[in-house]
Colleague: 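Just dropping this structure here.
The first residue of the sequence shown is numbered 1, and numbering continues consecutively from there. Because the structure is a prediction, the values reported are computed rather than measured.
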Amino acid sequence: MRGTWLLLIAAVAGLSGCRNGTTAPRDLTPPAAPRGFYSVTGDRTVYLSWLANTERDVAGYRIYQAPCASGSGCPYTRVGSLSGTSFTVSGLANGVTAYYAVAAYDFAGNEGDLSYETVFDTPRPEGFGARLADYLTSPALAGWDLSAERVRRWDDAATDMFYGYNGSVFQMFVPDYQTDIQDAGYAGSLDAVDFAPNGGWSPTGSVELIPGHCYVVWTRDNHYAKFRVSRFITPGSGPPTVEFDWAYQVATGNPELRARPAREEGGERRPIRWIR
């Protein structure tokens, strides 16, 4: 009996040793490419967002930037890494377009394909709390120069739009037939207007100003802009002034004012240059 017990103990010990020496198979399966990737345009800034991956082992996401969409001449450079589903790229040059992509990685270090949507963005300057006075009573304070971001005389050659109040209607005018304007409707913020329209411009070159409404301007030198009326201010004397927020696209002919709509690529991974 004693010998039998010794043999059993030795057998169990041998099995235990084999089990301890076994290595679990390594995880080599990367996460899927993130979906729903899009950008929001800011002033020297681009805001990126996407849908969270559904895999349980996703550890985070890496964000990439490139000068063009794809090809060997357009490597994607890593610009950030995080565990959330939104990222802000700051310190950008206004008027310069860049392309963006995001990839998910897991706890084993596997990184999946870049997002398949083609997302590119062109930052543009913006401002808040600009004010104009009525052009009949205060002509030097009634015009706005979008490119210079400043108040001008209403009939200055550089003025893109000017404000007037006739006692019952608040209006914004454009100074010539080469400049267009239209009412884009009510919105909760300036960012509600994302793209300049193809048509619908005011035939009179003027719009009625309403607090909370956004407006789009197409300048004579082929730049797009938008503004949102925040309020009218009644001074001690004279007509009310108008206060508005604005954004101006410095890239000629680019109608992008907030977000660039994404389109699906054919699922082919774009080339990456790793910069850590």
Side-chain angles (χ1 to χ4, degrees), residues 34 36-50 62-71 73-80 85-103 114-128 130 144-150 160-161 178-182 184 187 189-201 214-228 244-265 270-273 275:
F37 185 49
Y38 70 94
S39 68
V40 173
T41 309
D43 186 352
R44 301 184 184 277
T45 303
V46 171
Y47 305 95
L48 303 172
S49 297
W50 57 92
R62 292 176 179 132
I63 297 87
Y64 296 90
Q65 182 186 65
C68 47
S70 61
C74 297
Y76 275 70
T77 301
R78 186 191 300 176
V79 294
T85 57
S86 62
F87 184 79
T88 300
V89 186
S90 57
L92 301 171
N94 283 332
V96 178
T97 300
Y99 290 73
Y100 298 91
V102 61
L114 293 177
S115 48
Y116 299 137
E117 297 92 351
T118 298
V119 173
F120 55 104
D121 211 292
T122 313
R124 79 290 178 275
E126 62 186 20
F128 302 89
W144 186 256
D145 181 346
L146 288 160
S147 61
E149 308 174 16
R150 55 164 290 187
D160 294 304
M161 60 185 189
Q178 286 74 44
T179 304
D180 290 304
I181 191 170
Q182 71 169 273
S189 71
L190 182 67
D191 277 343
V193 175
D194 54 3
F195 237 59
N198 294 320
W201 306 104
C214 288
Y215 303 83
V216 180
V217 178
W218 186 9
T219 68
R220 67 184 73 83
D221 55 351
N222 197 23
H223 289 266
Y224 292 94
K226 61 180 177 179
F227 66 94
R228 180 180 181 272
F244 60 94
D245 304 330
W246 59 272
Y248 172 76
Q249 182 51 264
V250 298
T252 304
N254 188 337
E256 182 183 4
L257 295 169
R258 182 179 72 90
R260 174 70 65 178
R263 61 181 174 86
E264 291 283 339
E265 289 288 341
R270 295 187 269 278
I272 300 175
R273 180 177 63 201
I275 294 185

Colleague: When you measure from the side chain of Y76 to the backbone N and O of P67, does any donor-acceptor pair fall under 3.5 Å?
Modeller: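 Looks like no, no N/O pair under 3.5 Å.
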
Colleague: Would you give the length of the straight line joining atom CZ of F120 to atom OG of S39, rounded to the nearest 0.5 angstrom?
Modeller: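 Those atoms lie 8.5 Å apart.
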
Colleague: Please list, chain by chain and in numerical order, all residues satisfying side chain to side chain contact (heavy atoms under 4.5 Å, CB included) with S49, sequence neighbours excluded.
Modeller: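 In terms of side chain to side chain contact (heavy atoms under 4.5 Å, CB included), with neighbours along the sequence ignored, S49 is linked to Y38, S86.
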
Colleague: Which pair of heavy atoms, one from T122 and one from A251, lies closest together, and at what distance?
Modeller: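 Closest pair (atom of T122, atom of A251, distance): CG2-CB, 4.0 Å.
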
Colleague: Please examine the side chains of T97 and N254, heavy atoms only from C-beta on, and report whether any two atoms are closer than 4.5 Å.
Modeller: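 Yes; the side chains approach each other to less than 4.5 Å.
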
Colleague: Can you name the residues that form a side chain to side chain contact (heavy atoms under 4.5 Å, CB included) with S189, not counting sequence neighbours?
Modeller: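 Expected list: D191.
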
Colleague: State which residues pass side chain to side chain donor-acceptor pair (under 3.5 Å) with D145; sequence neighbours excluded, sorted by chain then number.
Modeller: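 Expected list: S147, R152.
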
Colleague: Among all residues two or more places apart in sequence or in another chain, which pass the side chain to side chain donor-acceptor pair (under 3.5 Å) test with E126?
Modeller: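 E126 satisfies side chain to side chain donor-acceptor pair (under 3.5 Å) with R124 once adjacent residues are dropped.
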
Colleague: Going by the rule side chain to side chain donor-acceptor pair (under 3.5 Å), which residues pair with Y248 if we only count those two or more places apart in sequence or in a different chain?
Modeller: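 For Y248, the residues satisfying side chain to side chain donor-acceptor pair (under 3.5 Å) (neighbours in sequence not counted) are H223.
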
Colleague: The criterion is salt bridge (charged side-chain N to carboxylate O under 4.0 Å, His left out); which residues satisfy it with R220, sequence neighbours excluded?
Modeller: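 D160, D176.
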
Colleague: With no hydrogens and no angle check, is any side-chain donor or acceptor of E117 less than 3.5 Å from a backbone partner on G36?
Modeller: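 Yes; at least one donor-acceptor contact below 3.5 Å.
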
Colleague: To the closest 0.5 Å, what do you measure between CG (D245) and CZ (F227)?
Modeller: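 If we round to the nearest 0.5 Å, D245:CG and F227:CZ are 11.0 Å apart.
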
Colleague: With sequence neighbours excluded, tell me which residues meet ring-ring contact (aromatic ring centres under 6.0 Å, His included) with W218.
Modeller: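 If we apply the ring-ring contact (aromatic ring centres under 6.0 Å, His included) test to W218, skipping adjacent residues, the hits are W201, Y224.
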
Colleague: Between G199 and Q182, which heavy-atom pair has the shortest distance, and what is it?
Modeller: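 Heavy-atom minimum between the residues: O-NE2, 2.8 Å.
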
Colleague: Are the side chain of S115 and the backbone N or O of V102 linked by a donor-acceptor pair below 3.5 Å?
Modeller: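 Yes: the side chain of S115 pairs with the backbone of V102.
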
Colleague: How long is the span from the NZ atom in K226 to the CG atom in L190, to the nearest 0.5 Å?
Modeller: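 CG of L190 is found 4.5 Å from NZ of K226.
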
Colleague: For F87, which residues count as a ring-ring contact (aromatic ring centres under 6.0 Å, His included) partner, sequence neighbours excluded?
Modeller: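 Here no residue qualifies.
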
Colleague: At their closest point, which heavy atom of P125 faces which heavy atom of V250, and how far apart are they?
Modeller: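 Nearest pair, atom of P125 first, then V250: CD-CG1, 3.6 Å.
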
Colleague: For N222, does the CG atom have more than 12 heavy-atom neighbours from other residues, nucleotides or ligands under 6.0 Å away?
Modeller: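 Yes, enclosed.
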
Colleague: For a ring-ring contact (aromatic ring centres under 6.0 Å, His included) with F244, tell me which candidate from W144, Y215, F128 qualifies.
Modeller: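 Testing each of W144, Y215, F128 against F244, the sole residue satisfying ring-ring contact (aromatic ring centres under 6.0 Å, His included) is W144.
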
Colleague: Would you call M161 and T179 a side-chain contact if the rule is heavy atoms closer than 4.5 Å?
Modeller: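 A side-chain contact is absent here, since even the closest heavy-atom pair is not under 4.5 Å.
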
Colleague: Of all heavy-atom pairs between T252 and D221, which one has the smallest distance, and what is that distance?
Modeller: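 In terms of heavy atoms, the two residues are closest at CG2-O, 4.1 Å.
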
Colleague: For Q65, what residues pass the side chain to side chain donor-acceptor pair (under 3.5 Å) criterion, not counting sequence neighbours?
Modeller: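 Y100.
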
Colleague: Please identify each residue that fulfils side chain to side chain contact (heavy atoms under 4.5 Å, CB included) with T85, with sequence neighbours left out.
Modeller: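 Counting only residues at least two positions away or on another chain, T85 forms a side chain to side chain contact (heavy atoms under 4.5 Å, CB included) with W50, A52, Y61.
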
Colleague: Apply side chain to side chain contact (heavy atoms under 4.5 Å, CB included) to L114 and F37, showing your working.
Modeller: CA-CA 10 Å; L114 293 177; F37 185 49; over 6 Å; no

Colleague: Rounded to the nearest 0.5 Å, what separation is found between the CG atom of D43 and the CG atom of N94?
Modeller: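 Answer for the CG-CG pair, D43 versus N94, is 5.0 Å.
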
Colleague: To check you understand the geometry: which heavy-atom pair defines the closest contact between A69 and C74, and what is its length?
Modeller: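 Heavy atoms of A69 and C74 come nearest at N-SG, 4.4 Å.
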
